[in-house]
Visitor: 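Right, I'll just put the structure down here and ask away after.
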Amino acid sequence: MPEQCDPRPYDALLLLSFGGPEGPDDVVPFLENVTRGRGIPRERLKEVGRHYFRFGGVSPINAQNRELLDALRKDFAAHGLDLPVYWGNRNWAPYLTDTLRTMVTDGHRRIAVLATSAYASYSGCRQYRENLADALAVLQGEGLRVPRVDKLRHYFNHPGFVRPMTDGVLASLAGLPQDVREGAHLAFTTHSIPTAAADTSGTPDEHTQDGEGGAYVAQHLDVAREIAAAVHAETGVQHPWRLVYQSRSGAPHIPWLEPDICDHLEAVHAAGASAVVMAPIGFVSDHMEVKYDLDTEATAKAAELGLPVARSATVGADPRFAAAVRDLLLERAATERGRSPERCALGALGASHDLCPVGCCPARTPRPAAAGADWQGPVAPAPA
């Protein structure tokens with residue numbers, strides 16, 4: 001097998017995502033899964049679910065994961081990479097535990113995991129690792145042979161993730177009326193998180209204080225700078241830009257990252273911006289936070305202001321992203337075999353770590369998390 005297409009020691013790839021409802025009857029049970037342990041009343045969840053009900057109770061995320069799954073399988077086959085790809089979700093079918101059980105039954109013992117979250121944070125990384133640990137514990141309790149799982153590194157600055165987003169911004173700018181195009185601002189958006197969680201995101205060396213945002217903010221800023229510079233190089237226009245936030249939830253007295261996209265639209269409109277391109281760089285696909293918070297709520301705010309806006313595309317199942325996943329997989333496989341492969345990354349931060357160190361994106365209440373330096377793993381012997 002050619003070195004550049006050798007997936008060993010991995011015998012399968014798991015696409016791990018958040019999950020979403022696929023009909024009105026799924027919405028509240030899905031939200032119960034997401035908020036389990038927080039004691040949120042069912043009636044409140046019905047209110048929270050109004051965004052989903054507006055779209056027939058269907059989140060786009062599962063359909064988009066099916067498209068990505070298909071793109072990965074096609075890319076692997078086209079490059080002679082004989083590796084099965086499975087899909088599991090944290091909060092809705094196909095559930096992670098069920099998928100891992102199937103993978104074990106199918107004979108897989110060393111599994112690479114791609115999470116559909118590109119940046120460092122508790123909710124974007126460690127919580128996925130915690131869910132992996134929970135699922136492995138269930139399999140162990142069932143007497144199944146527990147596989148080793150390795151989470152692929154953060155890919156926020158991989159060219160296959162950044163360049164499709166850059167093209168999306170360029171296409172959105174080109175679609176604006178010519179008289180407002182040159183004066184358009186770029187609003188790079190991502191999910192707001194509590195400032196305390198942002199400050200402790202990434203490795204301990206990357207942690208900050210007083211709402212500076214740790215690795216979470218630094219990584220988004222690095223991507224935003226890279227895209228803005230590429231747009232400048234392509235168009236000759238240096239568009240003003242800012243990293244802004246969306247999809248805030250939780251108690252109002254807890255500080256979250258700001259400014260909110262709608263507040264930002266008001267501010268740049270007051271400052272004389274001719275138009276805004278909203279670029280959701282924090283999201284892999286056009287799921288509900290994009291469809292509602294940007295395409296519905298923020299777009300309505302822009303219309304109220306009389307401010308022309310466009311929303312650029314997320315990466316989704318772009319073939320370049322599928323190729324990036326293959327690159328990440330083969331890079332990690334080579335590393336596990338003792339090689340030193342090239343690690344592709346744009347911007348100033350370089351390629352992220354393979355193995356989350358102790359203290360990386362810590363939870364308020366410590367829980368076991370798989371695929372990190374602090375993971376000991378189930379130790380029960382496999383059945384004969």
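The analysis underlying the following values was restricted to heavy atoms, covering all of them including side chains, and did not include hydrogens, waters or symmetry mates. Only a predicted model underlies this, so the values are computations on that prediction, with no experimental measurement involved.
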Visitor: Backbone N or O of Gly316 within a donor-acceptor pair of the Ser285 side chain at under 3.5 Å?
Guide: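 Absent.
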Visitor: Over all heavy atoms of both residues, which pair between Ser123 and Ile193 is shortest? Give the atoms and the distance, please.
Guide: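 Closest approach of Ser123 to Ile193, heavy atoms only: OG-CG2, 4.3 Å.
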Visitor: Would you check, one step at a time, whether the test side-chain contact (heavy atoms from CB on, under 4.5 Å) holds for Leu13 with Tyr86?
Guide: CA-CA 6 Å; Leu13 174 70; Tyr86 293 74; over 6 Å; no
Visitor: Got more than 12 heavy atoms from elsewhere within 6.0 Å of CG, Asp179?
Guide: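 Yes.
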Visitor: Between Thr299 and Leu294, does the side-chain contact (heavy atoms from CB on, under 4.5 Å) criterion hold? Intermediate values first, please.
Guide: CA-CA 6 Å; Thr299 299; Leu294 294 184; 5.7 Å; no
Visitor: Is the side chain of Asp106 donor-acceptor paired with the backbone N or O of His108 at a distance under 3.5 Å, no angle test?
Guide: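 No, Asp106 side chain to His108 backbone: no donor-acceptor pair under 3.5 Å.
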Visitor: What distance do Leu96 atom CG and Arg90 atom CZ have between them, rounded to the nearest 0.5 Å?
Guide: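 Answer rounded to 0.5 Å: 9.5 Å.
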Visitor: Do side-chain atoms of Asn157 reach the backbone of Gly347 as a donor and acceptor pair under 3.5 angstrom?
Guide: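 The answer is no, because no donor-acceptor pair under 3.5 Å joins these two groups.
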Visitor: Has the side chain of Arg50 got a donor or acceptor atom that lies under 3.5 Å from a matching backbone atom of Glu47?
Guide: yes
Visitor: Over 60° means perpendicular and under 30° means parallel, so classify the ring planes of His51 and Tyr292, tilted if in between.
Guide: parallel
Visitor: Checking Thr195 side chain against Trp256 main chain: does a donor-acceptor pair fall under 3.5 Å?
Guide: no
Visitor: Can you tell me how far the CG atom of Asn91 sits from the CZ atom of Arg36, to the nearest 0.5 Å?
Guide: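 Result: 8.0 Å between the selected atoms.
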Visitor: Using the rule that Ile, Leu, Val, Met, Phe, Trp and Tyr join whenever any side-chain heavy atoms are under 4.5 Å apart, tell me whether Tyr119 and Phe283 fall into a single cluster.
Guide: no
Visitor: Output the distance between atom CD1 (Ile227) and atom CZ (Phe188), rounded to the nearest 0.5 Å.
Guide: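 So the gap between those two atoms works out to 5.0 Å.
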Visitor: Between Asp150 and Arg148, does any side-chain N to carboxylate O distance fall below 4.0 Å?
Guide: yes
Visitor: So does Arg73 pair up with Asp70, basic N to acidic O under 4.0 Å?
Guide: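 Result for this pair is no, no salt bridge flagged.
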Visitor: Between Cys360 and His353, is a side-chain contact (heavy atoms from CB on, under 4.5 Å) present by the stated rule, with each step listed?
Guide: CA-CA 11 Å; Cys360 194; His353 51 265; 4.0 Å; yes
Visitor: Using the rule that two of Ile, Leu, Val, Met, Phe, Trp, Tyr join whenever any of their side-chain heavy atoms come within less than 4.5 Å, decide whether Trp87 and Val85 are in one cluster.
Guide: yes
Visitor: Report yes or no: does His79 contribute a side-chain atom to a donor-acceptor pair with the main-chain N or O of Asp75 at less than 3.5 Å?
Guide: yes
Visitor: Classify the side-chain pair Asp199/Gln209 by whether it contains a donor and acceptor separated by less than 3.5 Å.
Guide: no
Visitor: Hey, is the main chain of Gly124 close enough, under 3.5 Å, to the side chain of Ser121 for a donor-acceptor pair?
Guide: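 Yes; judged by distance alone, with no hydrogens or angles, the pair exists.
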Visitor: Tell me if a side-chain donor or acceptor on Thr189 pairs with a main-chain N or O of Tyr245 at a distance below 3.5 Å.
Guide: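 Between the backbone of Tyr245 and the side chain of Thr189 there is no qualifying donor-acceptor contact (under 3.5 Å).
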Visitor: Should the pair Phe161 and Phe321 be assigned to parallel (<30°), tilted (30 to 60°) or perpendicular (>60°) ring geometry?
Guide: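 Taking Phe321 first and then Phe161, their aromatic rings sit tilted (interplane angle of 30° to 60°).
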Visitor: Please evaluate residues Leu136 and Val138 with respect to the criterion side-chain contact (heavy atoms from CB on, under 4.5 Å), reporting the C-alpha separation (whole Å), side-chain torsions for both, the decisive distance (0.1 Å), and the verdict.
Guide: CA-CA 5 Å; Leu136 293 174; Val138 170; over 6 Å; no
Visitor: What do you reckon, is CZ of Arg54 surrounded by more than 12 foreign heavy atoms closer than 6.0 Å?
Guide: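 12 or below, so no.
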Visitor: What is the minimum heavy-atom distance between Asp6 and Arg8, and which atoms define it?
Guide: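 What the structure gives for the nearest pair is OD2-NH2, 2.6 Å.
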Visitor: If you draw a 6.0 Å radius around CD in Glu32, do more than 12 non-hydrogen atoms from other residues or ligands fall strictly inside?
Guide: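 Counting neighbours around CD of Glu32, more than 12 heavy atoms of other residues, nucleotides or ligands fall under 6.0 Å, so yes.
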Visitor: Which pair of non-hydrogen atoms, one from Ala12 and one from Leu83, has the smallest distance, and what is that distance?
Guide: N-CD1, 3.5 Å
Visitor: Do Arg311 and Asp295 meet the salt-bridge criterion of a basic N to acidic O distance under 4.0 Å?
Guide: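 Salt bridge flag = yes for Arg311 with Asp295.
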Visitor: Answer yes or no: is there a donor N or O on one side and an acceptor on the other, between the side chain of Ser17 and the main chain of Thr116, under 3.5 Å?
Guide: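 Looks like no, no N/O pair under 3.5 Å.
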Visitor: May I ask you to say whether Arg129 pairs ionically with Asp134, meaning some side-chain N is under 4.0 Å from a carboxylate O?
Guide: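 A salt bridge is absent here (no side-chain N lies under 4.0 Å from a carboxylate O).
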Visitor: Does a side-chain N-to-carboxylate-O contact under 4.0 Å join Arg343 and Asp327?
Guide: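 The answer is no: the pair does not qualify as a salt bridge.
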Visitor: Is Arg126 salt-bridged to Asp374, cutoff N-O under 4.0 Å?
Guide: yes
Visitor: Enter the distance from Tyr216:OH to Cys125:SG here, rounded to the nearest 0.5 Å.
Guide: 12.5 Å
Visitor: Do you reckon Trp241 sits in the same ILVMFWY cluster as Leu265, going by side-chain contacts under 4.5 Å, direct or chained?
Guide: no
Visitor: A quick test of your reading: do over 12 heavy atoms of other residues, nucleotides or ligands sit less than 6.0 Å from CZ of Arg364?
Guide: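 12 or below, so no.
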Visitor: Between Pro159 and Glu226, is any pair of side-chain heavy atoms under 4.5 Å apart?
Guide: no
Visitor: Check each of Leu16, Leu15, Asn33, Asn65 against Asn89 using the side-chain contact (heavy atoms from CB on, under 4.5 Å) test, and report the only one that passes.
Guide: Asn65
Visitor: One pair to check against ring pair (Phe, Tyr, Trp, His ring centres under 6.0 Å): Phe18 and His287. What are the steps and the verdict?
Guide: CA-CA 10 Å; Phe18 191 82; His287 48 68; 7.9 Å; no
Visitor: Could you grab the distance from atom CG of Leu328 to atom NE2 of His158, nearest 0.5 Å is fine?
Guide: 4.5 Å
Visitor: Can you name the nearest heavy-atom pair linking Ser312 to Val277, along with the distance?
Guide: CB-CG1, 4.3 Å
Visitor: Flag yes if Val284 and Val162 sit in one hydrophobic cluster, no otherwise; membership is Ile, Leu, Val, Met, Phe, Trp, Tyr, and two members link when side-chain heavy atoms are under 4.5 Å apart.
Guide: yes
Visitor: Quick one: do Arg332 and Glu336 make a salt bridge, cutoff under 4.0 Å?
Guide: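 The answer is yes: the pair qualifies as a salt bridge.
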Visitor: When rounded to the nearest 0.5 angstrom, what distance separates CD in Glu182 from CG in Leu173?
Guide: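 Between atom CD of Glu182 and atom CG of Leu173 there are 11.0 Å.
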Visitor: Is there a chain of hydrophobic side chains (I, L, V, M, F, W, Y, each step under 4.5 Å between heavy atoms) that links Tyr52 to Val34?
Guide: yes
Visitor: Please confirm whether the backbone N or O of Tyr122 pairs with a side-chain atom of Tyr128, one donor and one acceptor, at under 3.5 Å?
Guide: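 Answer holds: no.
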Visitor: Tell me whether the count of non-hydrogen atoms from other residues, nucleotides or ligands lying under 6.0 Å of CD in Glu142 goes above 12.
Guide: yes
Visitor: Between Gly88 and Leu14, what is the shortest heavy-atom contact and its length?
Guide: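 For Gly88 versus Leu14, the nearest heavy atoms are N-CD1, 3.7 Å.
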Visitor: Looking only at heavy atoms, which two atoms of Tyr155 and Ala115 are closest? And how far apart?
Guide: OH-O, 2.7 Å
Visitor: Is it the case that Thr190 and His220 place a side-chain donor and acceptor less than 3.5 Å from each other?
Guide: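 Distance-only check passes for Thr190 and His220.
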